Amino acid sequence: MYIIPKPKKLENKEGKFFISHRTRIVLDPQIRESEGVFISLVGECAAKWAGIRPAAVKGAQKKGDIYLAIVPGPEGQGYRLGITEEGIEVKGGSGQGLMYGVQTLCQIIEQCGGVLPCLTINDQPDIPHRGYYFDQTRGRVQKLPYLKKLADLLSRYKINEFQLYIEHTYMFEGFSEMWRDETPLTAEEILELDAYCRERYVELVPSLSSFGHLYKLLSTKSYGHLCEMEDSEKQPFSFSDRMAHHTVNVSDQRVLPMVKGMLKEYMALFTSNKFNLCADETFDLGKGKSKALADEKGVHRIYIDYVKDLCNFLVEEGKQPMFWGDVIVGEPELVKELPEEVICLNWGYAPNQREDESRKMAETGVKQYLCPGVCGWNEWMNLIENSYLNITRMCSYAQKYKAIGILNTDWGDHGHINNPDYSVPGIIYGAAFSWNHENISFEEINRQISKVEFKDSSEQVLGLLAKIPENSRFEWWNAVINYENRELGANEMEMRNLERFEDVEKIRKSDAALVEISEQLRANGVNMDSSARSQIGNYIVTIEGIRIFNEIGLALAEENKGKPVERPELADRLEVWFMSYKEQWRSTSREGDLHHISDIIFWYADLLRGRKRSKVKLG
């Protein structure tokens, strides 16, 4: 039996407890909040896995009951779980602690059915704030039911903060030109999601770009004049341009009132006392309209002055400011000028991520979260092993430098093409190692996740999934850069490492490996619960997409040697595959950037048929 995250102290006892028709779920009368959630979690779990749904009551505990209570003793998020032959007790130091004890009990019932081993668990987290950050802007705008499903997943694995990255995908009043061609969230949806998360002890924290990364806002006719660079509203759409530019001009007195108005409108929808103003990757700062100010004061000075103004505004509004630390880490002492309430979000996504930034910010005394990633951006399938290495490393730095939180990020660079369900292993890594920093090997934690989350009795499915991205040769990033260089002629990046697509033998070996993985996944379905088994079709579609793009990379390498690209059969495969991909997209997400992804897919299909010719030579 596995429990994720691993409890701090578990002691097995002699004997078993049997869930029977006489078993009741008894809530202590003092429980006032989330009582319906507690009852439904235990009741539905017992009904599904033990075949019996216990009745729910409030009152005194009797023999054979499942008793839920909030009691002194465990720290706020801590809980005690006891299973004896006489009954089950779950006691939390708060409603939140009780929720975590209930989630642990549910994992035990899922694996043991109606015959539960006697044991005692005393548990509490290493790190108090454990969050997940989802990009709800640059590609996918998830439907509300899927966001609720995510909240359920976070609560299940004891993650207590949830942030949605927003640039333009909320329906701000007076900014219709910014979101008119998007599928934005509404105020009503945010309010409903906030209440849903709150019942599950997941804090929904607002996050809004307010400095850099304001592509849609600063590409409008109405607000383009506030961009640091000239003529931003005149540029054609480009995934790469969206990532690299569009910082506000801090020397323009109209900027701060506009941004503060957006912050105030958005914060009103959340019960959280935190607000993430982002302020990351201000690449253009001081290079355009604010150059004179930057020459006078310095880029770091005009950066911190702007951030300080927004932080002070948030504090005045009763919010605790958060911001990304990638800029301030260059002059870490400047953080001391910010309000003492501020939280620095210190990110790093490399498998061997260095600790310098974590150490530098710790030395300033600022409160910080360390922010690893699920490593899905620009990939058809998340880089599962990379995410494990990155997350475990960053969680160890959090322990070493006494960070107060972990915020595990899931970005959507260049269209957020990966299926959001593929981030689940990374989400669980973040949950496991922020709760309990004890080392668990990659292979072992994958076996545990295969059993607990994927309901795979063979414990092999995640190991198979981890092999998929190893065989992706022509990644989506390459495909986008190649398209934008050739079709738009305005991309500052180059498609590198073209020579790796010239090795036909490597491409063929990768193709054979992907075919084998696909067969193994199909065969392994018999070992999985029916709800988890339904995901296999998604993996098969993804594998087919990777195989097709590997072939496209090979064709482009041949073209670069002077051979024509004439592969109509590959174009047909691409178009048929994309129909299935779109169906998957729409099952969880609104249209979002799907139309921009479609433009690139069909451009490649036309190229493979010889209908389009490149304007710029590849390479």
Side-chain angles (χ1 to χ4, degrees), residues 1-125 152 154-158 160 198-202 435-436 452:
M1 181 182 70
Y2 304 124
I3 299 171
I4 306 174
K6 184 178 179 180
K8 291 297 182 53
K9 186 177 180 181
L10 186 156
E11 185 177 356
N12 290 304
K13 306 282 188 179
E14 292 293 328
K16 299 181 184 300
F17 173 77
F18 300 92
I19 298 176
S20 75
H21 65 283
R22 296 177 63 88
T23 302
R24 304 179 305 165
I25 302 169
V26 179
L27 271 68
D28 185 277
Q30 295 184 10
I31 297 174
R32 291 286 181 263
E33 58 184 28
S34 298
E35 56 185 29
V37 178
F38 292 134
I39 291 169
S40 65
L41 280 172
V42 178
E44 291 172 13
C45 182
K48 181 174 182 178
W49 299 101
I52 297 171
R53 186 182 186 111
V57 300
K58 273 195 169 185
Q61 178 185 15
K62 295 181 179 179
K63 181 179 179 180
D65 288 339
I66 300 172
Y67 180 62
L68 311 180
I70 299 172
V71 298
E75 294 186 15
Q77 296 187 47
Y79 67 91
R80 296 196 300 263
L81 169 61
I83 303 176
T84 70
E85 294 178 343
E86 304 296 313
I88 298 173
E89 291 185 346
V90 185
K91 296 179 178 180
S94 64
Q96 188 177 19
L98 179 59
M99 173 62 75
Y100 298 152
V102 164
Q103 296 287 13
T104 295
L105 175 61
C106 287
Q107 287 192 28
I108 294 172
I109 294 172
E110 287 173 5
Q111 295 173 74
C112 300
V115 182
L116 308 185
C118 292
L119 52 77
T120 58
I121 292 175
N122 286 278
D123 201 10
Q124 63 184 34
D152 288 335
L154 302 184
S155 179
R156 171 176 168 81
Y157 292 105
K158 306 179 178 66
N160 59 3
R198 190 167 62 251
E199 282 190 321
R200 287 149 183 80
Y201 297 92
V202 176
W435 181 277
N436 185 341
V452 174

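Owing to the predicted nature of the structure, the values given are computational and were not obtained by experimental measurement.
For the residue pair L119 and K13, the shortest heavy atom distance occurs at CA-CG, 3.9 Å. When every heavy atom of D65 is checked against every heavy atom of R24, the shortest pair comes out as OD2-NH2, 2.8 Å. Minimum heavy-atom separation, P117 to I108: CD-CG2, 4.3 Å. Heavy atoms only, all atoms of each residue included: P54 and A46 are closest at CD-CB, 3.7 Å. What you find for K16 and E85 is that their closest heavy atoms are O-CG, 3.4 Å. Nearest heavy-atom pair, Q77 versus P125, reported as atom, atom and distance to 0.1 Å: OE1-CG, 3.7 Å.
Checking side-chain atoms of T23 against main-chain N and O of S20 turns up a donor-acceptor pair under 3.5 Å. In this structure a side-chain-to-backbone donor-acceptor pair under 3.5 Å is present from N436 to K6. The backbone N or O of I19 sits nowhere less than 3.5 Å from a side-chain atom of R22 that would complete a donor-acceptor pair. Checked by atom type and distance alone, the side chain of T120 never pairs as donor or acceptor with a backbone atom of G82 at under 3.5 Å. Not one N or O on the side chain of Q124 forms a donor-acceptor pair closer than 3.5 Å with the backbone of P74. Q107 places a side-chain N or O within 3.5 Å of a backbone atom of I4 that can act as its donor or acceptor partner.
Judged by distance alone, the side chains of Q103 and Y79 never bring a donor and an acceptor atom under 3.5 Å apart.
A distance of 4.5 Å separates CD1 in I121 from CG in L10, rounded to the nearest 0.5 Å. Atom CG of L27 sits about 9.0 Å away from atom OH of Y67, to the nearest 0.5 Å. Between E199 atom CD and S155 atom OG the span is 10.5 Å, to the nearest 0.5 Å. Summarising the geometry, atom CG belonging to L105 is positioned 10.0 Å from atom SG belonging to C112; distances are rounded to the nearest 0.5 Å. The structure places CD of E75 at 12.0 Å from CD of Q96, a figure rounded to the nearest 0.5 Å. How far CH2 of W435 is from OH of Y157: 14.5 Å, rounded to the nearest 0.5 Å.
V42 places a side-chain heavy atom less than 4.5 Å from the side chain of V102. Residues V71 and E89 fail the side-chain proximity criterion, which asks for heavy atoms closer than 4.5 Å. A heavy-atom distance below 4.5 Å is found between the side chains of M99 and L41. Contact check for E35 versus L68: no side-chain heavy atoms found under the 4.5 Å cut-off. For the pair L98/I31, a side-chain contact is recorded, criterion being any heavy-atom separation below 4.5 Å from C-beta on.
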Go through the steps for V37 and R200 under the test side chain to side chain contact (heavy atoms under 4.5 Å, CB included), then give the verdict. CA-CA 7 Å; V37 178; R200 287 149 183 80; 4.1 Å; yes
For I88 and F17, what are the C-alpha separation, side-chain angles and deciding distance, and is it a side chain to side chain contact (heavy atoms under 4.5 Å, CB included)? CA-CA 8 Å; I88 298 173; F17 173 77; 3.7 Å; yes
Assess whether side chain to side chain contact (heavy atoms under 4.5 Å, CB included) is satisfied between Q111 and V452, documenting all intermediate values. CA-CA 8 Å; Q111 295 173 74; V452 174; 3.9 Å; yes
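No more than 12 heavy atoms of other residues, nucleotides or ligands lie within 6.0 Å of NZ in K62, so this atom counts as exposed by the packing criterion.
Residue pairs meeting the ring-ring contact (aromatic ring centres under 6.0 Å, His included) criterion with at least one member in residues 35-65: none, sequence neighbours excluded.
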